[in-house]
There are 2 protein chains.
Amino acid sequence: MSEVAVKLTGRLSPRDEWAADGCPIAGTLEVIGARSSFLLLREAFYGCTRFDDFARRAGISEPVAAARLRELVDHGLLAREPYQEPGKRTREQYALTPKGAEILPVLTALMDWGNRWLADSPQVQLRHRECGAAVSAELRCASGHAVAPGELDLVPGAGSRRRR
Amino acid sequence: MSEVAVKLTGRLSPRDEWAADGCPIAGTLEVIGARSSFLLLREAFYGCTRFDDFARRAGISEPVAAARLRELVDHGLLAREPYQEPGKRTREQYALTPKGAEILPVLTALMDWGNRWLADSPQVQLRHRECGAAVSAELRCASGHAVAPGELDLVPGAGSRRRR
DNA sequence: CGGCATCCTTAGGGATACTG
DNA sequence: CAGTATCCCTAAGGATGCCG
């Protein structure tokens, strides 16, 4: 069995101090790493806004849904907002913030991989509304080139600046 | 606070039977959903091959590393292979398979989000070796268009066919 | 409808010590 | 070096029931 040439070879090896929490991947997992968090975000993208729908469609119990939704709100990925349909009482809804909306590539990449490699799960595709073509999360550089895994270097330090 | 226009509006709402395991996202999480699995895969991309390095650099204990590595091997994301440096004894190494290599967009998307939104984690960037530009996981359709979140439709059914 | 309180089970994960 | 064995703790999560 041959070795797969996908390592980010070259000058990449990060220092050992990169243990768990000193890395943006690990940091992101601290925020959305729970299974139910992924599922709730999935439902948010699917259009869920109400508590009951979140719990039912994500297939998780209400206490868990309540806890995770609160976490997501506290971390600023979802915003809880009152809304009122004419003639009805005030209700609460959960809506994605820009910070939460940018999780979409993560979910898309997970969906892509599942579609390709999991034989027992149904295929689900995102499509570009204008042209109908399948959408996936692919590696691109800022210059617009499609990037293969072997063409990557890993560099520490400042890249795009943080927003908040 | 205004609503964010990022829902995949249109004819998207999946049926309720989409509970946890009937979705490629949930399916993928069944395979790599544990925190330590992500971290081990991260290290595999960073070039780790040996057990000790996996455990130490991922910052997890040996028993956990052993359990997760076995899972990843069982699921076909890593391959355990004997290798031998000249004049030394045989050793085992873990190498990414094509199935495992395709997790890279997931990790890249997680890294992107952490770089942008987590003020307390160090910035780490992937760069395109040829041109030096920053690499990210971005949404593209098969026709090559960059796709904004609001331009998406979700469709069930066959997309790219499974390999194995 | 949108939760919270309580109780319980399981899975993830750390520490330590030991083996081939 | 590459694990295993044991023990224990904590977090994730389900079930049920109650409340404004």
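Letters go in sequence order (proteins before strands), and every chain restarts at 1.
Per the geometry, CZ belonging to B:Arg56 stands 15 Å off P belonging to D:dG3, to the nearest Å. When the P atom of C:dG12 is taken as reference, atom CD1 of B:Ile32 falls 14 Å away, rounded to whole Å. Look at CG on A:Leu39: it is 8 Å from P on D:dG13, rounded to the nearest Å. Distance CD1 (B:Ile60) to P (C:dA11): 18 Å, rounded to an integer number of Å. Across the protein-nucleic acid pair, A:Phe38 atom CZ and D:dA12 atom P stand 13 Å apart, rounded to whole Å. C:dG12 atom C1' lies 14 Å from atom CD of B:Glu30, rounded to whole Å. The CG-P distance, from B:Leu40 to C:dG12, rounds to 13 Å in whole Å. Distance, B:Gln93 CD to D:dC1 P: 15 Å, rounded to whole Å.
Summary for the helix from C:dC1-D:dG20 to C:dG20-D:dC1: the axes at its two ends, each from 5 pairs, differ by 50° when rounded to the nearest 10 degrees.
Residue A:Arg35 places no side-chain N or O under 4.0 Å from the OP1 or OP2 atom of C:dG12. A:Arg50 has no side-chain polar atom (N or O) that falls below the 4.0 Å cut-off from OP1 or OP2 of C:dC1. Remark: A:Ser36 is in phosphate contact with D:dG13, judged by side-chain N or O atoms under 4.0 Å from OP1 or OP2.
When all heavy atoms are compared, the tightest approach of B:His145 to A:Cys131 is ND1-SG, 3.7 Å. B:Pro105 and B:Ala137 make their closest contact through O-CB, 3.8 Å (heavy atoms, listed as atom of the first residue, atom of the second, distance). For B:Val124 against A:Pro24, the heavy-atom pair with the smallest separation is CG2-CD, 3.7 Å. Closest of all the heavy-atom pairs between B:Val135 and A:Cys141 is CG2-CB, 3.8 Å. A pairwise comparison of heavy atoms in B:Cys48 and B:Asp53 identifies SG-CB, 3.6 Å as the closest pair. The two residues B:Glu81 and B:Ala95 make their nearest non-hydrogen contact at OE2-CB, 4.2 Å.
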Polar atom pairs between nucleotides 3-7 of chain C and protein, under 3.5 Å, N or O only, would you list them?
unit_1	atom_1	unit_2	atom_2	d
C:dG3	OP1	A:Arg80	NH2	2.7
C:dG3	OP2	A:Tyr94	OH	2.7
C:dC4	OP1	A:Arg70	NH1	3.4

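With hydrogens and angles ignored, the 3.5 Å screen pairs no side-chain donor or acceptor of A:Thr97 with any backbone N or O of A:Ala79. Here the side chain of A:Thr49 pairs no donor or acceptor atom with the backbone of A:Gln93 at under 3.5 angstrom.
Contact check on A:Asp153 versus B:Arg129 returns a salt bridge, with a Lys/Arg side-chain nitrogen under 4.0 Å from an Asp/Glu carboxylate oxygen.
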